[in-house]
Amino acid sequence: MNAAVAAPEARTRHWLSFRIGTQLYAAPLDDVSEVIRDGDLTPVPGAAPDLLGVRHLRGRIVPVMDGRCRLGLPALPAANAATVRVVMLSHAGQRVGLLVDAVGELLCSDGLDIAPPPPGRASRDGDPVSGVLAWQGGFVALLDVRRLCRVDDGGNRVA
């Protein structure tokens with residue numbers, strides 16, 4: 001595959017994995033700015049259903065999204081509060097937090113085939129799943145941070 005036309009996930013080699021419900025997801029490590037503990041959020045009236053609220057982070061106001069809701073997963077009983085984290089994602093100068101049940105390990109996709117998302121699954125506008133990576137007898141859904149955070153190509157946040 002020509003690098004000039006390669007999909008973004010094909011060029012990404014390192015990923016941060018995290019669990020939401022029973023599913024394992026991963027975001028490109030280049031788009032992860034940090035991982036923090038869950039904290040107080042200020043609700044935003046009229047916000048999208050997957051936006052939990054905003055929080056202050058070193059002088060910036062950062063929106064925090066509910067990973068379950070954003071990825072179309074069913075609401076389950078609360079995860080173990082000791083493992084819940086907010087993965088801070090950054091794309092085109094915009095920062096967005098994603099609430100996850102637990103952070104996993106760093107993955108390296110060198111030499112591994114990244115498959116397209118499985119056919120026949122429910123399609124959604126702006127689907128953030130860009131590919132699937134076979135991993136330890138299961139699979140990891142690879143995320144496109146631009147689509148996940150609803151950032152348009154001009155760098156404007158549309159969440």
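The figures that follow rest on heavy atoms only: side chains count, while hydrogens, waters and symmetry mates do not.
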Applying side-chain contact (heavy atoms from CB on, under 4.5 Å), name anything that partners A134, two or more places apart in sequence or on another chain. none
Search all heavy atoms of P28 against all heavy atoms of V145 and return the closest pair with its distance. CD-CG2, 3.9 Å
Would you say that W135 contacts L107 through its side chain, given a criterion of any heavy-atom pair below 4.5 Å between the two side chains? yes
Measure the NE2-CG distance between H14 and D110 for me, rounded to the nearest 0.5 Å. 6.0 Å
State yes or no: do M88 and L41 share one hydrophobic cluster built from I, L, V, M, F, W and Y residues joined by side-chain heavy-atom distances below 4.5 Å, directly or via other members? yes
Show the nearest heavy-atom pair for residues T83 and D101, with the distance to one decimal. OG1-O, 2.8 Å
Residues A27 and V32: closest non-hydrogen pair is CB-CG2, 4.2 Å
For the pair V86 and V62, evaluate side-chain contact (heavy atoms from CB on, under 4.5 Å) and give the outcome as yes or no after the intermediate values. CA-CA 11 Å; V86 176; V62 180; over 6 Å; no
Between F139 and L71, is there a shared hydrophobic cluster once you connect ILVMFWY residues whose side-chain heavy atoms come closer than 4.5 Å? no
Are there more than 12 heavy atoms of other residues, nucleotides or ligands under 6.0 Å from atom CG of N80? yes
Within a 6.0 Å radius of atom CG on D40, are there more than 12 heavy atoms belonging to other residues, nucleotides or ligands? no
Measure the CH2-CG distance between W15 and D30 for me, rounded to the nearest 0.5 Å. 9.5 Å
Taking R147 for the side chain and C149 for the main chain, is one N or O donor matched with an acceptor at less than 3.5 Å? no
Side chain proximity check, F18 to L143, heavy atoms < 4.5 angstrom: yes
Quick one: list whatever passes side-chain contact (heavy atoms from CB on, under 4.5 Å) with D50, sequence neighbours left out. A48, M65, C69, R70, R150
dist S109:OG -> R13:CZ (nearest 0.5 Å) comes out at 8.0 Å
Interatomic distance, CZ@R55 vs CD1@I61, rounded to 0.5 Å, equals 12.5 Å
Going from CD1 on I36 to CG on L57, what distance comes out if it is rounded to the nearest 0.5 angstrom? 5.0 Å
To the closest 0.5 Å, what do you measure between CG (L52) and CG (D66)? 4.5 Å
Distance-minimising heavy-atom pair for L106 and L29: CD2-CD1, 3.8 Å
Shortest non-hydrogen contact from D144 toward R146: OD1-N, 3.0 Å
Within-4.5 Å side-chain heavy-atom neighbours: T42 and V44: no
Correct closest heavy-atom pair for V132 and P117 would be CG2-CA, 4.0 Å
Is there a donor-acceptor pair closer than 3.5 Å between any side-chain N or O of S90 and the backbone N or O of R95? no
